[in-house]
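Excluded from the calculations below are hydrogen atoms, water molecules and symmetry mates; all remaining heavy atoms, backbone and side chain alike, are included. Letters A, B, ... are given to chains in the order of the sequence lines, protein chains preceding strands, and every chain is numbered from 1.
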Amino acid sequence: MSSDPTPLLQASDLTRMVNTTAVVDNVSLSLQRGDILGLLGLNGAGKSTTLKMLAGVLTPDAGQITIAGHSLHDDPIAAKQQIGFLPDQPPVYPDLSVAAYLKLSAQLRRVPSNHLKEQTDAIMERCELTEVAKKRIGKLSKGYQQRVGLAQALIHKPAVALLDEPSNGLDPQQMQSMRNLITDVAEQSCVIFSTHLLSEVTAICNRIAVMHNGKLVHNQRADENLDQLQNLFNELVQKESGSAIT
Amino acid sequence: MISTIAKFESGTLLRSPQMWAICAVIAAIFGYLFLQSLEEFLKVQPSLALQDHPPGLTGFLSARFLATLSPLFSVLGPLFAMRSFSDEFRHQTMALWQSSPVSNASLVLGKFVGVLIPLLLLALLAAVMPAAMGLIVNIDIATLLLGALGLLLVAASCAAIGVYFSSLTKQPMIAIVASLGVVTLLWLLGGASFTNPAMLALQQFSITSHLSGFFQGYVQSKDVLYFALLTALFLSLTVIRLGSLRNSGNQ
């Protein structure tokens with residue numbers, strides 16, 4: 001953890017309505033450098049909507065978001081330069097090669113032209129994509145496509161990385177590499193990643209938040225009240241489906 | 001940033017085999033129409049010589065060849081633009097743009113310029129055919145360039161209509177049908193013989209009444225302004241549409 005007390009991500013009272021239902025209800029988060037927040041919840045809990053709001057893809061109906069000191073509402077360009085976002089479906093173009101796609105992603109994130117190649121090569125190496133750099137994304141397996149999606153989110157070394165179910169489609173070895181990558185990234189940034197697997201968040205997160213029906217029902221450090229978290233999550237799972245999946 | 005997006009968009013178009021097939025057909029149509037116009041000129045040349053101020057070869061080709069291509073360019077605009085946003089929705093790639101430090105206006109302008117690049121090349125190709133006659137006879141290049149500008153302006157405004165409709169739907173076919181509906185209406189307004197003053201005023205919004213000058217060797221600022229405003233209107237509507245997507249979340 002850095003000694004700098006200014007949060008890299010500050011979200012207060014985020015609310016998002018669909019018709020008259022709040023799919024995200026008064027959610028507040030504050031993350032500092034070094035924080036890895038696991039956003040845990042069942043399907044439909046509001047995790048993806050929360051991440052989309054934090055990434056500037058959706059506008060909240062109420063609440064404020066500040067990224068590295070820039071308001072996402074008042075200064076969206078400066079704020080988004082500090083955001084890396086991997087949606088639940090990696091936003092990749094099947095007809096582009098991996099290298100061309102990552103170059104485009106870097107240009108969109110305003111990476112200076114003299115650093116384009118260096119940063120593209122570096123992220124391909126970190127995401128183990130170098131060997132498929134010249135292949136068309138459409139020809140790659142789901143796991144590789146997910147890693148390309150992860151690479152585009154991290155290519156510009158964002159202050160805030162927002163990853164929606166980043167382990168989708170990854171095999172156990174790739175999942176471990178992804179965890180290592182997230183831990184590395186969090187040395188200079190903060191990371192939020194969503195999942196519905198408790199084991200995944202306990203493996204790498206230093207903070208855990210649980211969402212249920214759009215509300216944040218738990219938000220603590222990972223080393224605090226782990227039993228309570230386990231019970232809460234099991235209760236939610238049983239309430240929804242009658243069987244635990246942890 | 002606009003140039004990066006434009007390069008990506010035109011690259012996407014130029015990588016598509018369908019695009020090259022369309023261009024091949026268009027080049028063949030250009031060639032056929034050009035030769036037909038040339039033959040027609042040779043046929044009517046003796047009777048033209050009897051007129052006080054007969055049109056030269058350039059004027060004839062501009063009026064008969066380039067002007068004939070303008071309806072084709074008003075179809076090409078929406079055809080090239082129909083995938084600009086609808087494909088992003090279908091492939092779920094909008095999140096890449098929406099989470100990047102790119103304003104909606106830059107995104108729309110970049111996509112529009114990207115669509116415009118192949119249209120510009122086709123407009124130049126259309127002008128190059130009659131310009132090649134300059135190797136054997138005197139040709140007024142300025143008249144030909146004015147005709148190419150007319151083609152480009154009509155294509156640009158129709159492409160802007162296409163970009164707008166592509167931002168409304170995931171289906172490119174729906175986008176092009178809706179765009180061509182509006183384009184057809186804009187063409188038909190000029191052809192109708194209205195007597196009602198209100199309906200006569202509507203004719204001022206037609207493409208026809210603002211396009212003919214470009215192929216007769218003169219251009220009025222109001223005609224250029226008409227196409228510029230038509231383009232700006234639909235691009236602005238697209239920017240508003242993208243803004244509303246962030247609020248509604250429906251893509």
Side-chain angles (χ1 to χ4, degrees), chain A residues 16-18 23-24 48-49 51-61 67 70 72-73 75-97 100-101 103-111 113 116 136-138 149 152-153 155-156 158 160 162 164, chain B residues 1-21 80 83-111 113-114 166-167 170 172 239-251:
Chain A
R16 172 87 191 174
M17 306 292 292
V18 172
V23 290
V24 175
S48 294
T49 307
L51 289 181
K52 281 180 183 170
M53 284 194 287
L54 295 174
V57 173
L58 285 179
T59 310
D61 291 312
I67 308 286
H70 304 284
L72 194 56
H73 181 264
D75 194 2
I77 301 293
K80 285 181 181 181
Q81 264 180 275
Q82 304 296 331
I83 295 174
F85 178 49
L86 170 67
D88 51 356
Q89 186 78 23
V92 292
Y93 294 94
D95 60 331
L96 281 186
S97 72
Y101 172 72
K103 186 182 168 197
L104 170 73
S105 306
Q107 286 174 319
L108 289 180
R109 269 61 179 266
R110 301 175 189 236
V111 171
S113 54
L116 270 181
R136 281 173 52 190
I137 297 173
Q152 66 78 26
I155 194 165
H156 56 303
V160 177
L162 306 165
D164 197 353
Chain B
M1 190 54 69
I2 292 172
S3 64
T4 302
I5 300 167
K7 202 174 148 193
F8 166 75
E9 189 66 20
S10 56
T12 304
L13 277 172
L14 295 173
R15 275 192 305 276
S16 143
Q18 294 96 321
M19 165 80 179
W20 287 101
F80 288 3
R83 292 181 183 276
S84 47
F85 283 103
S86 50
D87 266 7
E88 304 283 355
F89 300 146
R90 274 194 314 147
H91 296 141
Q92 301 188 32
T93 43
M94 267 310 278
L96 176 71
W97 306 98
Q98 289 173 322
S99 64
S100 295
V102 177
S103 66
N104 286 341
S106 300
L107 177 57
V108 171
L109 268 179
K111 292 245 171 204
V113 173
S166 84
S167 74
K170 284 180 183 174
V239 173
I240 293 169
R241 163 69 182 158
L242 293 190
S244 76
L245 279 181
R246 281 205 169 95
N247 294 323
S248 69
N250 296 324
Q251 291 177 1

Residue pair A:Q107 / B:M1: nearest heavy atoms and the distance that separates them: O-CE, 3.4 Å
Atom pair NZ/CG of B:K7 and A:L104 - distance to nearest 0.5 Å: 9.5 Å
Heavy-atom contact with chain B under 4.5 Å, split by part of A:L96: side chain
Side chain, backbone, both or neither of A:P87 within contact of chain B (heavy atoms, under 4.5 Å): side chain
Nearest atoms (heavy-atom pairs only) where A:L108 meets B:S100: CB-OG, 3.9 Å
Top of B:P101, B:S16, B:S106 for chain A proximity - count of heavy-atom pairs under 4.5 angstrom: B:P101
Over all atoms of both residues, closest heavy-atom pair of A:Q152 and B:L96: OE1-CD1, 3.4 Å
Spacing of A:L51 atom CG and B:S99 atom OG [to the nearest 0.5 Å]: 11.5 Å
Any donor-acceptor N/O pair, A:K80 side chain to B:Q98 backbone, under 3.5 Å: yes
Spacing of A:D88 atom CG and B:Q92 atom CD [to the nearest 0.5 Å]: 7.0 Å
Greatest number of heavy atom pairs closer than 4.5 Å to chain B - which of A:D95, A:V92, A:T49, A:L162: A:D95
